[in-house]
Amino acid sequence: MLLVLEQTLNGLQLGVMLFLMAAGLTLISGIMNFINLAHGSLYMLGAYLCATVAQSTGSFLLGIAVALPGTAVVAMLLEAAALGRLYDRDHLDQVLATFGLILFFNELVKIVWGAQPIFLDAPAWLQGTVELVPGAPYPAYRLAILVVGLLVALGLYLLIAKTRVGMLIRAGASNREMVGALGVDIRRLYTLVFGLGAMLAALAGLMAGPIYAVQVGMGENILILAFVVILVGLVDTLGRAFLPTLLKIAFDPATAGAVGASVASMAIYIFMAAILAWRPTGLFGGHA
Amino acid sequence: MTDPTLQVEGLSKRFGAVIASEAIDLTVHAGEIHAVIGPNGAGKTTLIGQLAGEVPPDAGRILLEGREITGLPAQRRAHLGLARSYQITSLFPRFTALENAALAVQAGERGARGLWRPAWQDMALVRPAWEALERVHLSHRADAPARTLAHGEQRQLEIAMALATRPRLLLLDEPTAGMGHEESSQMIELLERLRGELAMLLIEHDMDAVFRLADRITVLVYGRVVASGTPAEVRGDPEVRRAYLGEDENVVL
Amino acid sequence: MLRRTVPLAILLALLVALPTVAETAGRGWWTGVATNILIFALAAGSLNLILGFGGLVSFGHAAFFGTGAYVVGILGFHADRGTPVVTWPVELPGTYQALIAWPLAMLAAGLLALLIGLVCLRTRGLYFIMITLAFAQMIYFFFVGLEAYGGDDGLSLWQRSELPGLDLGDDVQFYYLVLALAVAAFALKQRVVDSRFGVALRGARDNDRRMRALGFDTQRTRLAAFTLAGAVAGLAGALIANQTEFVSPSFLAWQRSGELLIMVILGGIGSILGPALGAAAFLLLEEVLAAWTEHWMIVLGPLLLLVVLFAKRGLWGLLERPLGTRAEVPRD
């Protein structure tokens with residue numbers, strides 16, 4: 001019983017990271033109709049920036065304070081300089097261009113930080129365990145991830161659904177020309193959205209750091225999974241994503257224990273393939 | 001007594017609360033040019049969509065030369081002798097006019113699915129394609145990529161492609177759409193030349209074209225057939241006048 | 001027609017002369033590099049059939065490439081140990097016979113492509129790209145999980161495939177075989193693209209709706225192309241297994257699929273030989289830059305970005321006007 005609780009929580013925590021990635025991607029892919037393969041690189045960048053700052057200053061929080069805006073700035077510069085020109089191009093162009101960016105970032109990281117993984121420790125005040133249920137200690141850090149995830153989800157929801165900026169984002173998603181005609185600088189809006197998406201990725205990356213090690217290419221697997229999750233329709237245009245969590249619970253820890261890690265890795269793709277075979281436009285009718 | 005080329009019985013279609021087609025009955029005889037007219041929103045395009053196999057009807061039957069095609073997909077209907085041209089030109093922009101027509105010819109030939117012989121050196125494809133172009137007076141532009149053709153020429157190519165499959169029934173969705181006076185005249189002449197060779201169902205707004213070409217006319221208003229008959233009969237029909245003109249008798253139909 | 005045959009003939013002559021030239025220049029390793037390029041040209045060329053001519057952006061092509069390699073690898077593995085590959089329903093021994101292993105590689109890859117295609121081709125655009133990627137990942141993880149065949153570390157071959165009359169262990173002979181196969185494949189590709197099937201494929205790429213209205217079964221056409229492309233990629237995989245005498249799941253990594261796409265784009269989408277140029281450019285760039293700095297990737301990334309932004313028609317676009325035979329007005 002306790003093991004199940006622990007597995008479930010582990011799954012949820014993985015789900016949170018997946019959600020953060022997927023939400024960021026949705027903002028960009030869904031709303032701006034742009035496939036950004038480099039999103040995984042932003043995840044990686046967030047982790048590396050945080051690790052560097054945390055190591056030299058000893059403060060995880062300071063690491064976050066640098067990593068989030070730092071990654072956002074890099075992303076926005078990229079968007080303004082190069083990626084912004086690709087919005088009207090076909091998806092193949094976007095895939096290739098952002099793939100080129102992955103190669104670039106991976107190499108850049110190797111040059112600056114070396115090819116070996118670096119370490120990011122969880123902040124000292126989160127290194128203990130918490131007893132959620134008497135007799136069942138659970139790592140405080142992982143719990144913190146869950147809490148952060150929920151807060152971000154809430155925050156995103158409020159932003160998109162309740163604020164003016166959020167409304168502009170949604171409007172820009174359905175009708176770009178119209179919003180532009182209304183006098184809103186759509187380019188600036190998109191750059192902003194890109195930055196926001198980047199921050200979500202960076203957050204996921206730095207939170208993953210203490211658990212998974214900070215290394216080159218760390219964002220790639222989760223990137224693909226995030227795309228899968230969006231594609232199947234489990235994260236919609238407003239970034240609502242309850243189900244990837246469930247997905248992760250069902251497939252990662254439990255099945256990993258039962259049938260071996262490799263099958264578990266496959267399982268999620270089989271699941272997705274099955275859904276897409278059944279409904280080619282995704283579970284909830286998706287978008288192109 | 002041979003079956004009419006096209007027989008439509010009780011065709012109905014609604015999109016939510018909007019009735020696009022309401023129990024439409026229609027007959028087109030072999031060699032006849034049958035025009036379908038009606039004010040905007042009358043459901044003409046939906047009708048063509050149902051006849052072509054792109055929109056499934058809610059009720060009713062469609063028979064092509066006596067054979068029921070109601071449930072068949074567009075692909076199958078093409079093989080049974082149905083061809084259509086589109087209101088908004090739908091060509092293969094990178095292929096030349098001749099190649100566009102050759103593709104249409106290729107579509108009509110079942111069986112031979114060659115993986116080896118170059119398609120466009122095959123006279124069995126190129127010759128009928130050339131002939132189709134000649135019939136629409138477009139042969140001088142055979143080598144031009146379709147995207148470089150003028151609008152009117154593209155519409156001619158549309159017709160050529162439809163003809164290349166040697167259909168029994170040709171569905172024409174506003175063939176003169178977007179054309180100036182001269183181009184329209186040419187299109188009308190073209191269709192005139194085809195008279196008698198095949199049956200045509202023609203959706204048109206251009207009354208000049210309609211009254212010159214049509215052997216019979218069906219008038220649709222809000223998805224319902226309001227009148228059907230020879231041009232003279234339709235002209236005189238009071239309900240038609242009301243639908244088109246309201247109470248204003250000054251406009252000449 | 002002559003405009004194209006002369007340069008092509010010259011190119012072919014150069015390729016035939018290469019090993020001799022390399023030996024004389026004291027750079028025998030050029031033959032190996034050229035073999036590598038030809039193999040990837042084959043793989044990229046197969047991708048281009050569905051990408052450039054079919055309009056299908058497949059981000060999972062490495063899966064077919066890797067599967068072909070693994071077929072050869074697994075058959076060789078069992079041949080080395082004298083154990084059968086499977087004992088049920090029939091006992092299948094391992095083998096190094098190219099005449100068995102290579103067609104089998106193509107068959108396996110083609111079959112895989114058929115199955116994947118049946119699912120993926122029901123989707124469009126962005127969905128299609130991602131679902132092909134996901135399937136490729138799935139197959140990658142499948143091979144990673146095959147502990148018996150080395151899992152993540154991969155599998156070494158003790159020898160190259162055997163072909164009666166040739167010693168494929170000799171790099172020069174292997175090179176000529178690969179060259180022959182590549183030339184044959186490209187010639188075949190040209191014929192396929194010009195054939196009725198190819199015309200139907202291109203038509204479906206440009207205007208699917210019209211094709212269906214005319215009576216074509218576009219889904220079947222695309223599936224056939226996808227399967228064919230997969231099978232040829234499988235052959236390329238079999239060849240690479242021989243070339244490197246090693247197979248590993250990394251052959252199926254999604255980055256490999258990305259690299260294949262890069263080769264196609266660099267060379268010029270929608271031309272028959274473009275991918276070959278692209279493969280050559282990519283691999284040569286890798287060789288040249290890698291000798292210069294181990295961080296050559298940092299150049300490739302932005303380079304790709306620039307190519308996409310500004311030079312869409314690729315290298316081939318700079319050389320030649322695209323496409324094979326055109327319909328000619330009948331003269332009589």
Side-chain angles (χ1 to χ4, degrees), chain A residues 29-30 33-35 37-38 78 82-83 85-86 89-108 110-111 115 217 220-221 223-225 227-228 230-232 260-270 272-274 276-282 286-288, chain C residues 51 55-59 116 118-131 133-147 151-152 249 253-255 257-259 261-262 264-266 269 293-310 312:
Chain A
S29 288
N33 198 25
F34 180 77
I35 306 189
L37 288 184
L78 258 178
L83 299 181
R85 294 170 211 255
L86 293 169
R89 302 276 211 110
D90 57 61
H91 290 309
L92 173 63
D93 289 359
Q94 296 169 357
V95 161
L96 289 170
T98 50
F99 182 74
L101 282 177
I102 295 181
L103 299 177
F104 172 74
F105 275 118
N106 278 348
E107 210 52 43
L108 185 68
K110 264 193 233 167
I111 293 178
E220 286 158 24
N221 277 324
L223 171 77
I224 297 182
L225 284 178
F227 266 118
V228 164
I230 295 177
L231 205 61
V232 173
S262 155
V263 178
S265 313
M266 280 178 69
I268 196 167
Y269 294 103
I270 297 176
M272 178 227 60
L276 276 174
W278 167 51
R279 294 270 236 110
T281 52
H287 50 76
Chain C
L51 177 57
L56 302 170
V57 184
S58 169
F59 212 122
I116 290 181
L118 277 171
V119 176
C120 293
L121 286 170
R122 299 176 63 200
T123 65
R124 280 303 138 103
L126 174 51
Y127 285 96
F128 180 75
I129 301 177
M130 288 300 139
I131 194 177
L133 175 57
F135 267 107
Q137 279 296 88
M138 195 166 81
I139 298 169
Y140 166 75
F141 283 121
F142 171 74
F143 280 110
V144 166
L146 287 185
E147 290 299 332
D152 215 0
W254 67 291
Q255 292 90 334
S257 291
E259 284 165 14
L261 285 174
I262 294 176
V264 173
I265 292 295
L266 263 185
I269 213 180
T293 162
E294 70 172 288
H295 297 296
W296 64 280
M297 272 287 188
I298 210 160
V299 172
L300 184 68
L303 182 68
L304 184 62
L305 184 55
L306 288 173
V307 169
V308 169
L309 280 177
F310 301 115
K312 255 318 275 292

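No hydrogens, no waters, no symmetry mates; every other heavy atom, side chains included, goes into these values. Note on naming: letters A, B, ... go to the chains in the order of the sequence lines (proteins, then strands), and numbering restarts at 1 for each one.
In this structure, the side chains of A:Leu101 and A:Leu37 stay at 4.5 Å or more apart for every pair of heavy atoms. In this structure, A:Asn221 and C:Gln137 have side chains that are in contact, with non-hydrogen atoms separated by less than 4.5 Å. Between A:Ile35 and C:Met130, the closest side-chain pair of non-hydrogen atoms falls below 4.5 Å. Contact annotation: the side chain of A:Leu83 approaches that of A:Phe34 to within less than 4.5 Å [non-hydrogen atoms, C-beta and beyond].
Residues passing the side-chain hydrogen bond (donor to acceptor under 3.5 Å, both in side chains) test with C:Glu147, sequence neighbours excluded: none.
Contact of C:Phe59 with chain A is made through the side chain alone, with heavy-atom distances under 4.5 Å. Of the atoms belonging to C:Leu51, it is side-chain heavy atoms, and not backbone ones, that fall under 4.5 Å from chain A. Only the side chain of C:Ile129 has a heavy atom closer than 4.5 Å to any heavy atom of chain A. For a residue to count as touching a neighbouring chain, one of its non-hydrogen atoms must lie under 4.5 Å from one of that chain's; by this rule A:Gln94 does not touch chain C. Only the side chain of A:Leu86 comes within less than 4.5 Å of a heavy atom in chain C; its backbone stays farther off.
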